[in-house]
Structure formats: structure tokens, C-alpha cells
Amino acid sequence: MTMYDSDDLESNVHPLAMQPVRTVVRFRLPSLRWALVFPVAALLAAGFLTGTGYRYRPFAVMVSPNEDLSEQAATTTDARASRGELRRLTASLSQRVPRGRYIVIDRTNNKLYLRQDDKVVLEASCSAGSGLVLREESGKKRSWIFDTPRGRYRVLSKTKNPVWRKPDWAFVEEGQPIPNNPADRIEYGTLGEFALHFGDGYMIHGTLYERLLGRNVSHGCVRLGRDDLRVVYDRAPVGTPIYVY
């Protein structure tokens, strides 16, 4: 057995080995994310089990006791009056809607409609007044406006093979002297096969110039093509309302 002297043993040991040994215990703290998750989850679970305590109540307009209700009352009164006026106008309008057989003339688009209640029996191209003005340069120096009047009329009479008694303006337009003999005013065939008179010398009649239908070229009467005029003459008896607009 080898024997060591204590002085030799201490001289051969490293100085650090002579220091006392310390044991360090480290604790790892949980991260902030997990620290927040658990409390939130606990609150949700508690709310699910016990409820939120909120009770649904229907929404009601809260009015202050001191609030002036006169404006609201006036608005309500105006709304009721408007609804009443609307009902009155609607009832009045329904009474004015044409019933039965009637004729509608659209002067702007040169269209004539023969209708039965709300059904269109015939839609035809026509020619309404041109709107031109004719002035007499000598004599009485009169003027005429060739326009189809707007309004509500009726078929006053119906004529087969109508004869045109030429008025003064027809001779002025042609640059011819106005005749003194009434027989010189008579002209046959110009108005077509039929004519429906609706007052003040205005008529729905035929024309020799069907190629001009759809244009505003007449002297105030309403011109129709031969086939369409036959339908209107047959199906529009005396008394049939005529609406011109």
C-alpha cells in the first residue's frame, strides 16, 4: 500500500477542486401566452354554465317627459292626409279610364289606336297636323295654323265617299284666286273612301299620299291608309270617344 503525506496530497490537487460544491436549482416560468389562456378559458366556462345575465327586451322608442310631441303628431297627421288623398285620386282616376270602344291619336308619333277597354284592336300609322303657319299676303291678310287640336272628342258622323269642300286657305296655299262660285270648291276623291267627323271641320279620313303616313304633313285632319281606315270606319260607331294628345 502506498502512503501519501497530507502535504503532498494537497499540493497535487487543483485549487478549484478545493472550493465547496454549490447546487443551483432553476425554476422555468410559464410563457405570457399560456398565462392568459387559462384565465380566459375559465371565464368562458363560467359564463357558459351560469349565463350572462342579459335578458332580451323589445326595442321601444324612449321619449323624454319634457319632449315636445307636436312635431311628431303633425308628421303623423300629414302622412294620414297624404294616404287619404292618394286613395281619393286613385278612385277618381279609375273612374276616368276609358271603357268600351274608343280611339287614341298620338300626334307626336303619328299613331292611331283603336282600343277596346285595355286591348288594342288596331295600331296604325297616321298623319296629323304639320303645325305650319300660312299667311295671306294680299286681301284680308289672314293666317292659318295647320295643327291637330288636343282634347277629347267623339265621332259625330260618318261619311262614305266624302267630298271635300275646299276652304279659302286651300286656294291661298295653291296661289289661286278664291272662287265666288261654290261649285268651284268641290273636289272628289281627295279624302279617300271614308271620313269620320269629330267637330270644327276636323276628320279622320283617307289620303292619296300614303307614302307620307307617319309624318306631320296634314292641314289638321288625321289621315289614314285605306286598309286601316276601313277597319276604323267599320268598328267605330257614331259616339265613339276620340282622345287626341
Side-chain angles (χ1 to χ4, degrees), residues 92-134 142-173 178-179 182-210 212-245:
S92 177
L93 182 61
S94 63
Q95 295 176 357
R96 295 175 181 270
V97 174
R99 302 296 180 186
R101 186 68 53 86
Y102 59 96
I103 297 171
V104 178
I105 298 172
D106 179 354
R107 308 182 317 161
T108 303
N109 297 304
N110 290 293
K111 289 289 185 180
L112 182 144
Y113 302 92
L114 178 63
R115 301 178 65 94
Q116 178 70 41
D117 295 326
D118 58 351
K119 179 182 178 182
V120 177
V121 178
L122 173 70
E123 177 181 345
S125 294
C126 65
S127 286
S130 64
L132 297 177
V133 178
L134 175 65
R142 296 167 292 179
S143 62
W144 297 268
I145 300 176
F146 299 138
D147 202 6
T148 303
R150 293 185 176 93
R152 184 181 185 277
Y153 305 91
R154 288 186 179 275
V155 177
L156 301 178
S157 63
K158 298 165 62 173
T159 307
K160 291 183 179 181
N161 299 317
V163 177
W164 187 31
R165 183 180 180 276
K166 297 176 65 175
D168 290 353
W169 59 257
F171 296 96
V172 174
E173 185 179 43
I178 298 174
D184 294 335
R185 293 177 179 269
I186 303 302
E187 190 170 296
Y188 298 92
T190 303
L191 303 180
E193 297 177 336
F194 307 103
L196 292 84
H197 305 263
F198 58 93
D200 295 332
Y202 293 100
M203 298 174 281
I204 300 173
H205 61 74
T207 178
L208 298 175
Y209 309 101
E210 292 195 9
L212 298 179
L213 291 173
R215 305 180 187 179
N216 294 89
V217 294
S218 83
H219 297 94
C221 290
V222 178
R223 301 176 183 177
L224 277 180
R226 182 187 63 179
D227 295 337
D228 294 329
L229 180 60
R230 290 176 177 176
V231 174
V232 173
Y233 185 85
D234 289 339
R235 301 190 182 186
V238 173
T240 300
I242 301 175
Y243 300 91
V244 184
Y245 71 96

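Since the model is a prediction, treat every value here as computed from it, not as a measurement.
- Within the structure, the side chain to side chain donor-acceptor pair (under 3.5 Å) test picks out no pair touching residues 198-208 (sequence neighbours left out).
- A 4.5 Å side-chain heavy-atom check between Ile204 and Lys158 finds every atom pair outside the cut-off.
- Remark: Ile145 CD1 is loosely packed, at most 12 non-hydrogen atoms of other residues, nucleotides or ligands lying under 6.0 Å away.
- Put simply, the side chain of Phe198 does not reach to within 4.5 Å of the side chain of Arg154, judged on heavy atoms.
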Extract all donor-acceptor atom pairs below 3.5 Å that involve side chains of residues 115-123 and protein atoms in other chains or at least two apart in sequence.
{"residue": "Arg115", "atom": "NE", "partner": "Tyr102", "partner atom": "OH", "Å": "3.1"}
{"residue": "Arg115", "atom": "NH2", "partner": "Asp118", "partner atom": "O", "Å": "3.2"}
{"residue": "Gln116", "atom": "OE1", "partner": "Arg101", "partner atom": "NE", "Å": "2.7"}
{"residue": "Gln116", "atom": "OE1", "partner": "Arg101", "partner atom": "NH2", "Å": "3.1"}
{"residue": "Asp117", "atom": "OD1", "partner": "Gly100", "partner atom": "N", "Å": "2.6"}

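- Residues Ile242 and Val155 are in side-chain contact: their nearest non-hydrogen atoms beyond the backbone lie under 4.5 Å apart.
- For Asp106, the salt bridge (charged side-chain N to carboxylate O under 4.0 Å, His left out) criterion is met by no residue, not counting sequence neighbours.
- Listed for the Ser127 side chain is a donor-acceptor partner under 3.5 Å among the backbone atoms of Arg215.
- Side-chain atoms of Tyr188 and Thr190, non-hydrogen and from C-beta on, never get closer than 4.5 Å to each other.
- Between Tyr243 and Pro98, the closest side-chain pair of non-hydrogen atoms falls below 4.5 Å.
- Here the closest non-hydrogen pair linking Thr148 and Gly129 is OG1-N, 2.8 Å.
- Of all heavy-atom pairs between Ile178 and Arg142, the closest is CD1-NH2, 3.6 Å.
- In this structure the side chain of Ile105 never reaches within 4.5 angstrom of the side chain of Tyr245, judged on heavy atoms.
- Nearest approach of Val232 to Leu114, heavy atoms of both residues: CA-CD2, 4.5 Å.
- The salt bridge (charged side-chain N to carboxylate O under 4.0 Å, His left out) contacts involving residues 232-245 comprise nothing, where partners must be two or more places apart or lie in separate chains.
- Residues forming a side chain to side chain contact (heavy atoms under 4.5 Å, CB included) with Pro167 (at least two apart in sequence, or on another chain): Trp164, Trp169, Ala170.
- A heavy-atom distance below 4.5 Å is not found between the side chains of Leu196 and Val222.
- Annotation: side chain to side chain donor-acceptor pair (under 3.5 Å) contacts of Arg150 (sequence neighbours excluded): none.
- Asn161 pairs by the side chain to side chain contact (heavy atoms under 4.5 Å, CB included) definition with nothing, not counting sequence neighbours.
- When all heavy atoms of Ser125 and Gly214 are compared, the closest pair comes out as CB-N, 4.4 Å.
- Under the side chain to side chain donor-acceptor pair (under 3.5 Å) criterion, Thr159 pairs with His197, not counting sequence neighbours.
- Under the side chain to side chain donor-acceptor pair (under 3.5 Å) criterion, Asp184 pairs with no residue at all, not counting sequence neighbours.
- Applying the salt bridge (charged side-chain N to carboxylate O under 4.0 Å, His left out) criterion to Arg152, with sequence neighbours excluded, gives no partner residue.
- When all heavy atoms are compared, the tightest approach of Ala124 to Leu224 is CB-CD2, 4.0 Å.
- Residues in residues 218-231 take part in these side chain to side chain donor-acceptor pair (under 3.5 Å) pairs, two or more places apart or across chains: Glu173-His219, Glu193-Arg230.
- Residues forming a salt bridge (charged side-chain N to carboxylate O under 4.0 Å, His left out) with Lys166 (at least two apart in sequence, or on another chain): Glu174, Glu187.
- Between Leu213 and Asn110, the closest side-chain pair of non-hydrogen atoms is not below 4.5 Å.
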